[in-house]
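Below is one structure, written out as structure tokens; comments come after it.
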Amino acid sequence: VKWTGGEVASTTALADEGWTTWTLNFGSRSNIRFTVTRRSSGPAAAPLMLVQQQLIYAIRSEGVRLQADFSLDVLNAPVRQLEFGIDADLQVYAASYGEVPLAWREETAPDRRIVVSLPDALTGPSRGVRLRALTPLRTGQPWTLPGIRLRDGVLSDGQISLQLQKPLELKQFETRGCRQTGIESAADEENIAFRQFRPDASLQVTLGSTALKTSARVFTDMQTNSEG
């Protein structure tokens with residue numbers, strides 16, 4: 001109990017009935033304001049964030065663009081900012097919530113991460129949060145694709161998509177915590193899909209260019225005459 005004046009004369013707790021009797025002396029005051037609040041039985045519950053994420057790698061000769069989408073279902077308590085762990089070589093350049101650009105900052109201690117400020121506290125199912133990043137292309141050697149992970153989130157579903165623009169192609173890959181689920185080929189692009197089962201999943205790829213195939217037709221023109 002909180003009040004604007006007076007003093008507590010006595011309190012009596014009735015343990016068996018769950019009641020407490022407060023006796024207050026107001027003195028000469030003709031009015032008083034008091035507030036009754038529930039006593040906390042323990043620390044406030046931490047937010048529980050269920051996450052569905054999709055990492056889309058657009059792989060081109062000039063570099064790789066990563067689009068990381070996170071759909072959240074926030075339980076227990078609202079959240080007002082999100083922290084994402086980011087791997088080396090990734091350069092984040094944009095963050096958005098639906099169509100709304102978000103303010104963010106990068107921190108490097110104790111480790112590298114992006115802290116995103118939200119316009120409103122999130123609770124329950126929410127619109128997707130999207131991060132965009134760039135990384136240089138590596139070819140001709142095994143390369144673990146750099147990723148982005150939501151901290152303090154519980155992964156409920158994860159998808160990884162590789163969009164390879166020809167003449168680039170996937171020569172070899174090795175998965176950890178994910179597996180290939182599909183492949184689609186078009187005239188100028190190949191799409192390879194993976195399903196993620198663990199938050200620390202990784203995908204190691206070896207990229208290269210399609211070997212050029214050449215062919216030729218040879219024609220011989222022979223002319224003869226009776227004088228020859």
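Reckoned from all heavy atoms, side chains included, excluding hydrogens, waters and symmetry mates.
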Does Ile148 form a side-chain contact (heavy atoms from CB on, under 4.5 Å) with Leu90? I'd like the steps, not just the answer. CA-CA 9 Å; Ile148 301 176; Leu90 274 179; 3.8 Å; yes

Verdict with supporting geometry, Leu122 and Leu72, side-chain contact (heavy atoms from CB on, under 4.5 Å): CA-CA 9 Å; Leu122 296 186; Leu72 307 179; 4.0 Å; yes

I'd like to know whether Arg195 forms a side-chain contact (heavy atoms from CB on, under 4.5 Å) with Asp157, so could you lay out the CA-CA distance, the side-chain angles of the two residues, the decisive distance to 0.1 Å, and finally the verdict. CA-CA 8 Å; Arg195 179 79 178 274; Asp157 186 43; 2.7 Å; yes

Val116 and Phe84: CA distance, side-chain angles, deciding distance, side-chain contact (heavy atoms from CB on, under 4.5 Å) verdict: CA-CA 8 Å; Val116 177; Phe84 298 88; 3.8 Å; yes

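The two residues Asp73 and Gly124 have their closest heavy-atom pair at OD1-C, 3.2 Å. In this structure, Pro47 and Ala77 approach most closely via the heavy-atom pair CB-O, 3.4 Å. The two atoms that bring Lys171 and Leu207 nearest to each other are CG-C, 4.2 Å, heavy atoms only. The shortest non-hydrogen separation linking Gly153 to Val51 is CA-CG2, 3.9 Å. Here the shortest heavy-atom pairing between Pro78 and Ala121 reads CB-CB, 3.9 Å. Between Phe197 and Leu155 the shortest heavy-atom distance is C-CD2, 4.3 Å.
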Extract all donor-acceptor atom pairs below 3.5 Å that involve side chains of residues 93-104 and protein atoms in other chains or at least two apart in sequence.
| residue | atom | partner | partner atom | Å |
| --- | --- | --- | --- | --- |
| Tyr93 | OH | Arg65 | NH1 | 3.3 |

Donor-acceptor pairs under 3.5 Å, side chain of residues 52-61 to any protein atom, not counting sequence neighbours: which ones?
| residue | atom | partner | partner atom | Å |
| --- | --- | --- | --- | --- |
| Gln53 | NE2 | Gln196 | OE1 | 3.1 |
| Tyr57 | OH | Pro146 | O | 2.7 |
| Arg60 | NH1 | Gln163 | O | 3.0 |
| Arg60 | NH2 | Glu189 | OE2 | 3.2 |

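Here the side chains of Glu106 and Val92 are not in contact, with every heavy-atom distance at 4.5 Å or above.
One distance of note links CZ of Arg113 with CG of Asp111; it measures 6.0 Å at 0.5 Å rounding. Atom CZ of Arg138 is separated from atom OG1 of Thr144 by 9.0 Å, given to the nearest 0.5 angstrom. A distance of 11.5 Å separates CG in Leu164 from CG in Asp188, rounded to the nearest 0.5 Å. In this structure, CG in Leu145 is found 8.5 Å from OG1 in Thr135, a value given to the nearest 0.5 Å. Rounded to the nearest 0.5 angstrom, Glu83 CD and Asp152 CG are separated by 7.0 Å. Between Asn76 atom CG and Met49 atom CE the span is 11.0 Å, to the nearest 0.5 Å.
In this structure, Phe173 and Phe194 have perpendicular ring planes: the angle between them is above 60°, well past the 30° mark.
Grouping the Ile, Leu, Val, Met, Phe, Trp and Tyr side chains by contacts below 4.5 angstrom, directly or via other members, places Leu137 with Leu162. Criterion: ILVMFWY side-chain heavy atoms under 4.5 Å apart, direct or through other members. Under it, Ile183 and Leu203 are part of a common hydrophobic cluster. By the rule that hydrophobic residues join a cluster once side-chain heavy atoms approach within less than 4.5 Å of another member, Leu50 and Val74 end up as members of separate clusters.
With respect to Arg112 and Asp87, no salt bridge is recorded, no charged nitrogen being found less than 4.0 Å from a carboxylate O. Contact check on Asp200 versus Arg149 returns no salt bridge, with no Lys/Arg side-chain nitrogen under 4.0 Å from an Asp/Glu carboxylate oxygen. Asp69 and Arg132 are not joined by a salt bridge, as no carboxylate oxygen comes within less than 4.0 angstrom of a charged side-chain nitrogen.
With sequence neighbours left out, the side-chain hydrogen bond (donor to acceptor under 3.5 Å, both in side chains) criterion links Asp120 to no other residue.
The environment of CD in Glu62 is crowded: more than 12 heavy-atom neighbours from other residues, nucleotides or ligands sit within 6.0 Å. Within a 6.0 Å radius of CD in Gln91, other residues, nucleotides and ligands contribute 12 heavy atoms or fewer.
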